[in-house]
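Take a look at the structure below.
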Amino acid sequence: LKKTTGEALAVNEMHEKNTRTIKNFGIWLRYNSRTGTHNMYKEYRDLTLVGAVGRMYSEMASRHRARQTTIQIIRTAVVPAAQCRRINTTQFHNSKIRFPLIRRLPRAPTKALKTTYKAVRPTTFLH
């Protein structure tokens, strides 16, 4: 039996074994655009494969105007950090990466001290 004459009998959602660690997912896909059929490889960092596929569908809809029905996922794989190709994925592989917290507003310690308007502007930086 050829693959082209086959039929999808069931669609099942795959559940991850460990959803607490972030992984690099590689997705090979084919999609139909207004001009023709294109093959693509995309990488995403996500906790689950289902989340990475969802991000792929939304990115394909926004960047390439591809409908969900025209996208065919050929293969998915968990890609090790050393084999990642895309810059958007590899920029987060630094172990010393920092995300500074900017504009931190102090909260009132009690509800009685909470007001809508203050006489003094808040300090939004750390001392």
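Below, all heavy atoms of this structure are taken into account, side chains as well, without hydrogens, waters or symmetry copies.
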Do E16 and K23 have side chains that get closer than 4.5 Å, going by heavy atoms? yes

Closest non-hydrogen atoms of W28 and A77, given as atom of the first, atom of the second and distance, are CZ3-CB, 3.9 Å

In terms of heavy-atom contacts, K118 and L113 come closest through NZ-O, 3.5 Å

Note, N24 side chain near H93 side chain (heavy atom, < 4.5 Å):
yes

Between the OG1 atom in T70 and the NE2 atom in H64, the distance rounded to the nearest 0.5 Å is 11.0 Å

d(I74 CD1, N39 CG) to nearest 0.5 Å is 5.0 Å

- [ ] Answer yes when E59 and K42 have at least one side-chain N-carboxylate O distance shorter than 4.0 Å, and no when they do not.
- [x] yes

Interatomic distance, CD1@I102 vs CZ@R104, rounded to 0.5 Å, equals 11.5 Å

Output for pair (Q72 CD, L29 CG), nearest 0.5 Å, gives 9.5 Å

Taking atom NZ of K114 as the centre, report whether more than 12 heavy atoms of other residues, nucleotides or ligands fall under 6.0 Å from it. no

task = In sequence, state the C-alpha distance, the side-chain angles, and the governing distance for H38 and S33, and then conclude on side chain to side chain donor-acceptor pair (under 3.5 Å).
result = CA-CA 7 Å; H38 308 283; S33 69; 2.8 Å; yes

CD1 of I27 to CD1 of I73, rounded to nearest 0.5 Å, is 6.0 Å

Are T90 and R85 close enough that some pair of their side-chain heavy atoms sits under 4.5 Å apart? no

Quick check: are there more than 12 heavy atoms from other residues, nucleotides or ligands sitting under 6.0 Å from CD1 of I87?
no

Output for pair (Y57 OH, Y31 OH), nearest 0.5 Å, gives 14.0 Å

query = In terms of heavy-atom contacts, does CD1 of I97 have more than 12 from other residues, nucleotides or ligands at under 6.0 Å?
reply = yes

In terms of heavy-atom contacts, T115 and Y117 come closest through OG1-O, 3.1 Å

Note to self: What verdict does the side-chain contact (heavy atoms from CB on, under 4.5 Å) test give for R34 and R65, after you've listed the backbone C-alpha separation in whole Å, the side-chain angles of each residue and the deciding distance to 0.1 Å?
What the structure shows: CA-CA 9 Å; R34 296 185 186 109; R65 302 292 187 261; 4.2 Å; yes

**OP:** Treating Ile, Leu, Val, Met, Phe, Trp and Tyr as nodes and any side-chain heavy-atom pair under 4.5 angstrom as an edge, say whether V79 and Y44 lie in one connected cluster.
**Re:** no

Under 3.5 Å, which donor-acceptor pairs do the side chains of residues 47-55 form with other protein atoms, sequence neighbours left out?
{"unit_1": "T48", "atom_1": "OG1", "unit_2": "G51", "atom_2": "N", "d": "3.1"}
{"unit_1": "R55", "atom_1": "NH1", "unit_2": "R45", "atom_2": "O", "d": "2.6"}

field: Min side-chain heavy-atom separation E43-F25 under 4.5 Å
entry: no

